[in-house]
Amino acid sequence: MYQAGYFTIKKTEPDFLFVGLPNKEVKKAFAELVIEKLTNKDAIAVNDVYKDRIADALAHKDFTALKDEFNKILNEFSYESVVSFKEYAFRDVYKVMLQLLGYNTYTEYQTALCRSDLCFEDDRRLYICEFKVISRADNVQEKLAKAKEQIKEKRYGLRITDKEVITLAIVIVNENASDKQKPMREVASIEIVK
């Protein structure tokens, strides 16, 4: 894969090579493969369904609509694949979907004060997301407050860019129930933090 150009050496250290995907085109192609394997759906069809809706929600800063679309994306995955998801798995699902839709995405972005969970950007805006995953739906407001506090305290939005920076607190409920008909897996809240 390296010789074909699908992986690039990003950094070297003694005894280690750090590889990554070289550009947005390869990231998108990789995202298509991942989405097709995880959802058993054609990536082009998935792109057609979500691209305009998510772009419209972001353009209008309609984070309720974004939450609805993120929940639809989450529902594309089988129960077996999400039952044991941790925070990083939810984050990576959205990273791959946003890559598929044409956004430049990256995770665990390190700054002097923190490491943000997910960043994605288009031509006009940079979105910085802090995810919190909870196991009970009655804790949403508490976790949302913690995510907002972390974003403010660690100054996530302080970045050198000519784009508008938007910081988002995202709370996901991953409640396991003994009755498989009643578990809850949803994005419970997405709020902008100013």
Side-chain angles (χ1 to χ4, degrees), residues 20-21 24 26-41 43-110 114-122 124-135 140 143-144 146-148 150-151 156-157 163 165-175 184-193:
L21 300 174
K24 194 172 169 181
V26 174
K27 285 180 182 180
K28 186 172 180 184
F30 185 71
E32 289 173 1
L33 292 172
V34 170
I35 291 300
E36 287 178 3
K37 291 294 182 193
L38 291 176
T39 66
N40 292 320
K41 295 190 179 193
I44 294 170
V46 171
N47 188 0
D48 289 345
V49 169
Y50 293 108
K51 186 171 186 163
D52 291 338
R53 293 177 186 173
I54 288 179
D56 189 55
L58 292 171
H60 292 95
K61 297 182 184 178
D62 183 351
F63 299 111
T64 300
L66 182 65
K67 180 182 86 154
D68 292 343
E69 295 308 314
F70 273 21
N71 276 319
K72 290 174 190 172
I73 289 168
L74 187 56
N75 203 40
E76 297 287 348
F77 295 83
S78 70
Y79 173 82
E80 288 78 18
S81 65
V82 298
V83 69
S84 60
F85 268 19
K86 304 288 186 220
E87 182 179 299
Y88 68 87
F90 286 106
R91 176 205 66 206
D92 288 347
V93 161
Y94 293 113
K95 175 186 180 182
V96 170
M97 284 298 290
L98 290 163
Q99 281 177 342
L100 175 68
L101 301 178
Y103 294 91
N104 185 30
T105 64
Y106 38 101
T107 55
E108 300 295 328
Y109 185 81
Q110 186 72 47
C114 66
R115 188 172 58 225
S116 55
D117 290 330
L118 172 66
C119 299
F120 64 99
E121 58 188 318
D122 57 23
R124 296 177 30 224
R125 295 183 178 136
L126 167 63
Y127 300 89
I128 303 170
C129 306
E130 175 60 31
F131 284 85
K132 297 293 183 195
V133 175
I134 57 176
S135 60
V140 171
K143 277 297 188 179
L144 183 63
K146 285 185 180 181
K148 288 178 173 183
Q150 182 175 337
I151 288 168
Y156 279 26
K163 298 179 180 183
V165 177
I166 296 176
T167 52
L168 300 172
I170 302 173
V171 178
I172 299 173
V173 177
N174 191 19
E175 185 173 336
M184 179 185 292
R185 306 203 192 305
E186 71 173 5
V187 177
S189 183
I190 298 179
E191 288 193 18
I192 191 168
V193 180

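Side chains are part of it too, since the values below use all heavy atoms of this structure and drop only hydrogens, waters and symmetry mates.
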Before giving the answer on side chain to side chain contact (heavy atoms under 4.5 Å, CB included), spell out for K61 and I166 the whole-Å C-alpha distance, their side-chain angles and the decisive distance to 0.1 Å.
CA-CA 9 Å; K61 297 182 184 178; I166 296 176; 3.9 Å; yes
Could you please spell out the steps behind the salt bridge (charged side-chain N to carboxylate O under 4.0 Å, His left out) verdict for K67 and E69?
CA-CA 5 Å; K67 180 182 86 154; E69 295 308 314; over 6 Å; no
Are F63 and E191 close enough, and set up right, to give a side chain to side chain contact (heavy atoms under 4.5 Å, CB included), and what steps lead you there?
CA-CA 7 Å; F63 299 111; E191 288 193 18; over 6 Å; no
Go through the steps for F70 and M97 under the test side chain to side chain contact (heavy atoms under 4.5 Å, CB included), then give the verdict.
CA-CA 9 Å; F70 273 21; M97 284 298 290; over 6 Å; no
Can you check side chain to side chain contact (heavy atoms under 4.5 Å, CB included) on I172 and I170, steps first, answer last?
CA-CA 7 Å; I172 299 173; I170 302 173; 4.2 Å; yes
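Scanning both residues, V133 and E87, for their nearest heavy atoms gives CG2-CA, 3.6 Å. Of all non-hydrogen atoms in A188 and V173, the two that sit nearest each other are CB-CG2, 3.8 Å. In terms of heavy atoms, K51 sits closest to L101 at CE-O, 3.5 Å. Nearest heavy-atom pair, I134 versus K143, reported as atom, atom and distance to 0.1 Å: CG2-CG, 2.8 Å. Across L74 and V187, no two heavy atoms sit closer than the pair CD2-N, 4.5 Å. The nearest pair of heavy atoms linking A57 to L66 is CB-N, 3.8 Å.
Heavy-atom neighbours of F85 CZ from other residues, nucleotides or ligands within 6.0 Å: above the threshold of 12. The local environment of CD1 in I192 is crowded, with over 12 non-hydrogen atoms from other residues, nucleotides or ligands closer than 6.0 Å.
Rounded to the nearest 0.5 angstrom, K95 NZ and C119 SG are separated by 10.5 Å. The distance from atom CD1 of I151 to atom SG of C114, rounded to the nearest 0.5 Å, is 9.5 Å. The CD1 atom of I44 sits 7.5 Å away from atom CG of D48, with the distance rounded to the nearest 0.5 Å. To the nearest 0.5 Å, atom CG of residue D117 and atom SG of residue C129 are 8.5 Å apart. If you take NZ on K132 and NZ on K148, they are separated by 13.5 Å, rounding to the nearest 0.5 Å. Expressed to the nearest 0.5 Å, how far OG of S116 lies from CG of L168 amounts to 11.5 Å.
For the pair R91/T107, a side-chain contact is recorded, criterion being any heavy-atom separation below 4.5 Å from C-beta on.
In summary, of the residues considered (T105, D122, L118), a side-chain contact (heavy atoms from CB on, under 4.5 Å) with Y127 occurs for D122 alone.
There is a side-chain donor-acceptor pair under 3.5 Å between E121 and N104. Between the side chains of E108 and Y88, not a single donor N or O lies within less than 3.5 Å of an accepting N or O.
Not a single donor-acceptor pair under 3.5 Å links the side chain of S135 to the backbone N or O of E175. A donor-acceptor pair is defined here as one N or O able to donate and one able to accept, closer than 3.5 Å; no such pair exists between the side chain of N174 and the backbone of R185. When atom types are taken as modelled, the side chain of Y50 and the backbone of K72 share a donor-acceptor pair closer than 3.5 angstrom.
By the 30° and 60° cut-offs, the orientation of the rings of Y103 relative to F120 is perpendicular. Between Y94 and F131, the two ring planes are parallel [angle under 30°; tilted spans 30° to 60°].
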